[in-house]
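These notes concern the structure reproduced below.
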Amino acid sequence: MTTATANPVAPAERHRLYEDVLAMLSGTLFVSLGTLIYTKSMLTVGSTAGLALLMSYASGWGFGLIFFLVNLPFYILAVKRMGWGFTIRTFTAVALVSILSKLNAAWIDFSHLDPLYATIIGGGLIGTGLLMLFRHRTGLGGINILALYLQEKLGIRAGYVQLGVDLAILAAAFFILPTDRLAYSVLGAAIANLIIAINHKPGRYMGLS
C-alpha cells in the first residue's frame with residue numbers, strides 16, 4: 001500500500017534588480033499612457049489616480065503634479081505597514097507616472113478617440129500596468145498601498161478592495177463629469193480592477209522583491 005505525499009512547495013524566487021527596474025518602467029509607462037487616453041476623453045478611474053483626474057478637470061491643473069501631491073500622505077502608512085523597500089519603490093513609481101504623464105502629452109496626439117475604445121484600452125493599460133507593479137511589490141500610492149496591505153495581512157484580494165473604493169470615487173465624479181463619461185468611467189474601472197483581481201490572487205504569484 002502506498003501513501004500519497006504532497007508535492008513540496010518550491011521556495012519563492014526573489015526578483016533580480018533588473019527585473020524590478022524593467023517592471024517599474026513598463027508598469028508606469030502603461031499606467032501613464034492609459035491615464036493620458038482617459039484625460040483626452042475626459043474619463044476617470046478610481047484610486048488616487050481617479051481623484052487626481054477629477055481635481056485636474058475641476059481646477060485646470062496638470063494631472064501629474066496633482067497625482068504626486070495627493071499621494072504624499074499615504075507614504076506614512078506605507079513605511080509603517082509595508083516597509084521602506086516598498087515605500088521607496090512606490091514613491092519612485094508615483095514620480096515616474098507623474099513625469100511620464102507630462103511627457104506622453106508631448107509625445108502623443110490624438111486626432112480622434114472613440115470614448116468606448118478609450119474606456120476599454122485605457123482601462124486595460126492601467127490594469128495591466130498596476131498588475132506589473134503589484135507583482136514586484138510596488139504600488140501607485142494611496143489606495144494601492146491600502147489594498148496591498150489588506151491582501152498581504154488578511155488575504156482580501158487587492159482588486160476587490162480597490163473596486164469598492166473606486167466606486168466611491170466614481171460616485172463623486174457624478175458632480176463633475178457628463179453622464180455618458182461617468183458611465184464609461186465605471187466600465188473602465190471595472191476592467192482595470194478585474195484584471196488585477198483575476199491575475200493577482202493571494203498565493204498564486206510567489207515572486208519577491
Side-chain angles (χ1 to χ4, degrees), residues 27-74 93-131 133-134 139-147 157-198:
T28 55
L29 185 59
F30 272 47
V31 171
S32 63
L33 180 55
T35 302
L36 175 64
I37 291 172
Y38 271 27
T39 301
K40 296 296 184 181
S41 302
M42 201 174 179
L43 301 171
T44 191
V45 289
S47 194
T48 49
L51 181 60
L53 280 170
L54 291 179
M55 293 174 68
S56 176
Y57 297 148
S59 67
W61 288 21
F63 165 80
L65 176 60
I66 295 176
F67 180 64
F68 183 80
L69 294 176
V70 163
N71 280 294
L72 290 178
F74 290 95
V94 169
L96 282 172
V97 168
S98 299
I99 294 169
L100 287 171
S101 296
K102 188 173 182 62
L103 292 175
N104 281 338
W107 291 337
I108 304 171
D109 189 24
F110 299 98
S111 60
H112 173 69
L113 192 56
D114 181 81
L116 179 58
Y117 174 79
T119 299
I120 296 172
I121 194 64
L125 285 168
I126 292 170
T128 303
L130 286 172
L131 177 64
L133 296 173
F134 281 8
L140 273 182
I143 307 307
N144 293 162
I145 294 173
L146 179 62
R157 293 187 189 178
Y160 293 154
V161 174
Q162 289 200 173
L163 184 57
V165 177
D166 288 353
L167 290 176
I169 293 175
L170 290 169
F174 176 80
F175 301 98
I176 298 175
L177 299 181
T179 304
D180 64 328
R181 302 298 159 145
L182 178 60
Y184 284 130
S185 296
V186 172
L187 175 60
I191 291 171
N193 283 290
L194 283 173
I195 288 174
I196 298 170
I198 292 171

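The analysis underlying the following values was restricted to heavy atoms, covering all of them including side chains, and did not include hydrogens, waters or symmetry mates. Please read all numbers here as calculations on a predicted model, not as lab measurements.
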Nearest-0.5 Å distance, [atom1] of residue [X] to [atom2] of residue [Y]:
X      : Y      : atom1 : atom2 : value
Leu53  : Thr48  : CG    : OG1   : 10.0 Å
Phe30  : Thr35  : CZ    : OG1   : 13.0 Å
Leu103 : Ile99  : CG    : CD1   : 7.5 Å
Ile191 : Leu125 : CD1   : CG    : 11.0 Å

What is the minimum heavy-atom distance between [X] and [Y], and which atoms define it?
X      : Y     : answer
Ile176 : Ala58 : CD1-CB, 4.5 Å
Ile126 : Val31 : O-CG2, 3.9 Å
Tyr38  : Tyr57 : O-OH, 3.3 Å
Phe63  : Ala52 : CE1-CB, 3.6 Å
Ile66  : Ser59 : CD1-OG, 3.8 Å
Ile169 : Leu51 : CG2-N, 4.1 Å

*For Ser101, does its backbone N or O pair with a side-chain atom of Ser32 as donor and acceptor, under 3.5 Å?*
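The answer is no, because no donor-acceptor pair under 3.5 Å joins these two groups.
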Taking only distance into account, with no hydrogens and no angle test, what donor-acceptor pairs under 3.5 Å do side-chain atoms of residues 105-115 form with protein atoms, sequence neighbours excluded?
residue: Asp114; atom: OD2; partner: Leu116; partner atom: N; Å: 3.1
residue: Asp114; atom: OD2; partner: Tyr117; partner atom: N; Å: 3.1

*asked:* Around atom CE of Met42, are there more than 12 heavy atoms from other residues, nucleotides or ligands closer than 6.0 Å?
replied: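 More than 12 heavy atoms, drawn from other residues, nucleotides or ligands, come within 6.0 Å of this atom.
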Between side-chain atoms of residues 177-188 and protein atoms elsewhere (two or more places apart, or another chain), which donor-acceptor pairs fall under 3.5 Å?
residue: Arg181; atom: NH1; partner: Ser41; partner atom: O; Å: 2.8
residue: Ser185; atom: OG; partner: Thr44; partner atom: N; Å: 3.0
residue: Ser185; atom: OG; partner: Thr44; partner atom: O; Å: 3.4
residue: Ser185; atom: OG; partner: Arg181; partner atom: O; Å: 2.8

*asked:* So Asn104 and Leu29, do their side chains get closer than 4.5 Å, heavy atoms only?
replied: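 In contact.
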